[in-house]
There are 2 protein chains.
Amino acid sequence: MRPARGGGGGTKGEALRDQEHGQEHGQEHDREPVHGHEREPRRGRPRSEAAERAILQAVVRLLEEGEPLAGLSIERIARTAGVGKATIYRRWSDKEELFMDVLRHIEPPEPPLSGTSGLADIFASLESMRRRGLAQRNSALLYNVFAQMKTHPKLWGAYQSTVIEPRRVAVTAAVRRAVAAGELRADIDAELIEELFVGPMLLRTIHRKEAPLDDDLPERIIRAVLEGLRPGDGKTGDTAADPAAGTGR
Amino acid sequence: MRPARGGGGGTKGEALRDQEHGQEHGQEHDREPVHGHEREPRRGRPRSEAAERAILQAVVRLLEEGEPLAGLSIERIARTAGVGKATIYRRWSDKEELFMDVLRHIEPPEPPLSGTSGLADIFASLESMRRRGLAQRNSALLYNVFAQMKTHPKLWGAYQSTVIEPRRVAVTAAVRRAVAAGELRADIDAELIEELFVGPMLLRTIHRKEAPLDDDLPERIIRAVLEGLRPGDGKTGDTAADPAAGTGR
DNA sequence: GTATTTCAATACGATACCGTCTCGTATTGT
DNA sequence: ACAATACGAGACGGTATCGTATTGAAATAC
């Protein structure tokens, strides 16, 4: 529960308070580390970078071996990392906090889109998704983490806000640019357009993990969505016909 | 491990073998219950339907309360159901077996497509997905089960083969019919077409659980995919232009 | 040199769960 | 009546994990 500091005990840490209190007016350097990596530990033995790495790598290794997220106990992580449990508890108050850091280590942020052409950016994004999908198939780690993320709201939230949302925003922006440039129709909601492009790609990468991820897939999706599925060799004779006609609505 | 029958012990059930052996040539009615619900228990007190219902409902209730799948222990289920643990072990050898049955109870099989018009069937399928998505938003149960399914290969496999695959096959067949009827272009892979329709719907229902699921969404998706996103008011002037042009490939 | 802090290791009490077994009772076929 | 089976309840011996505490060594600041 307690974040990190405060070497004393939880219930009987009172004995230390006198000392701490008698240390008189140490102000600016005595700040409680609110969050993140604190600055200078400044007194005793510094925390071992090696231990930190070992811990993160242990989690990664276990996940890579196909261990489900729930199967990772602090004890097992400590054992695997060759580290005392306290060393973990000293850094992360929570298993989820630890996983958040792991996630940050293994999921590099999406490279920013070039911003040149809207259509080109859409393509780049789909290609990036394709590569991420391929990576997930080759890595039990990524697959596992992704599969189990929804179980842990914090993790899912983190992934959502660091990967999914930014991509959605970026692609939607690219769509708007494409619309403005006359590359895409202006009479359809940009959000819907974004989904028309991203949805099929996602279906392949996430939902159908046995389907191939050919390298021309992004291109084929974009091409088909652009041209539309109405028959007529692209000449599109009957544009007046209701596309939902005969669909029961 | 052992399916259900055989009241005796696991390690010291040998004592019963003599009796069983000495029962001479009882053939056709002595069959081991291979799977499913066996027919006539035929001797002692019959199994309580009420207990069975109580167990399944207990699982459902716990999941509805947001309990993660991993948080469901046999003990807890038994406690919640007001049932002895043995009563559970008597029916299901495995937690996963139990969950499979639960899954069967809460996920009614997809209604068969009408088979009239290909496009109409595609629409019907998207609409069915939309409804399923709405149900998942209102039910912590469905959400949880779905979210955690990938963790448990058996469950995921069951869902895949009872829901996802049949739908994929059905929609793909509908696509083929639509192509044959001249409702869809014939020069694009039917599987890809299926993904173009289903993908965007899935994106909304699964991935973006905060986005609305308006009732005109299936129609809008179908319309947009049919018409294509190339600008030009549907008249599609420049069909010769490469849709992937300027995309960096 | 001394105080402080971290280190790995491990002991500790608490808790939860597993799967089997037993108990006394209830409900069925023969 | 009697044998067989199911029932709820829970005891039982194991195992695993939790989060805290202790220990003796090591590393650093003052």
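Order of the sequence lines sets the chain letters (A, B, ...), proteins ahead of strands, with each chain counted from 1.
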Handout entry: Ion pair check, B:E195 and B:R168, cut-off under 4.0 Å
Key =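 Salt bridge absent between B:E195 and B:R168.
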
Exercise for the section: Taking salt bridge (charged side-chain N to carboxylate O under 4.0 Å, His left out) as the test, write out the residues that go with B:K85, two or more places apart. Expected result: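 Salt bridge (charged side-chain N to carboxylate O under 4.0 Å, His left out) check on B:K85 returns B:E75.
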
Handout entry: salt bridge (charged side-chain N to carboxylate O under 4.0 Å, His left out) against A:R167, all qualifying residues, sequence neighbours excluded
Key =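 For A:R167, no residue satisfies salt bridge (charged side-chain N to carboxylate O under 4.0 Å, His left out) once neighbours in sequence are set aside.
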
Problem - Check: C:dA26 base within 3.5 Å donor-acceptor of B:R45 side chain - result: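 Yes.
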
Problem - Sequence-distant partners of B:E64, side chain to side chain donor-acceptor pair (under 3.5 Å), two or more places apart - result: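 For B:E64, no residue satisfies side chain to side chain donor-acceptor pair (under 3.5 Å) once neighbours in sequence are set aside.
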
Exercise for the section: Go through the structure and list residues passing side chain to side chain donor-acceptor pair (under 3.5 Å) with B:R53, not counting sequence neighbours. Expected result: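 Partners of B:R53 under the side chain to side chain donor-acceptor pair (under 3.5 Å) test: none.
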
Separation of atom [atom1] in [X] from atom [atom2] in [N], rounded to whole Å:
X: A:W92; N: D:dC18; atom1: CH2; atom2: C1'; answer: 18 Å
X: A:E49; N: D:dT28; atom1: CD; atom2: P; answer: 12 Å
X: A:R53; N: C:dT6; atom1: CZ; atom2: C1'; answer: 16 Å
X: A:I77; N: D:dA16; atom1: CD1; atom2: P; answer: 16 Å
X: A:I88; N: D:dT20; atom1: CD1; atom2: P; answer: 13 Å
X: A:R47; N: C:dT4; atom1: CZ; atom2: P; answer: 17 Å

Practice task
Look at the side-chain N and O atoms of B:R43 and state whether any lies under 4.0 Å from the OP1 or OP2 oxygen of D:dT5.
Solution key: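 Checking D:dT5 against B:R43, no side-chain N or O comes under 4.0 Å of OP1 or OP2.
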
Practice task
Report yes if a side-chain nitrogen or oxygen of B:S48 is closer than 4.0 Å to either non-bridging phosphate oxygen (OP1 or OP2) of D:dA6; otherwise report no.
Solution key: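 False: B:S48 side-chain N/O out of range (4.0 Å or more) of D:dA6 OP1/OP2.
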
Problem - All ring-ring contact (aromatic ring centres under 6.0 Å, His included) counterparts of B:F99, not counting sequence neighbours - result: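 Expected list: none.
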
Practice task
Return the nearest nucleotide to the side chain of B:P46; candidates are C:dT28, D:dA6, D:dG8.
Solution key: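 Per side-chain heavy atoms of B:P46, the pick is C:dT28.
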
Between protein and nucleotides 15-19 of chain C, what N or O pairs are separated by less than 3.5 Å?
unit_1	atom_1	unit_2	atom_2	d
C:dC17	OP1	B:S73	OG	3.3
C:dC17	OP2	B:R79	NH2	3.2
C:dC17	O5'	B:S73	OG	3.2
C:dC18	OP1	B:I74	N	3.3
C:dC18	OP2	B:I74	N	2.9
C:dC18	OP2	B:E75	N	3.1
C:dG19	OP2	B:Y89	OH	2.6
C:dG19	N7	B:K85	NZ	2.9
C:dG19	O6	B:K85	NZ	2.5

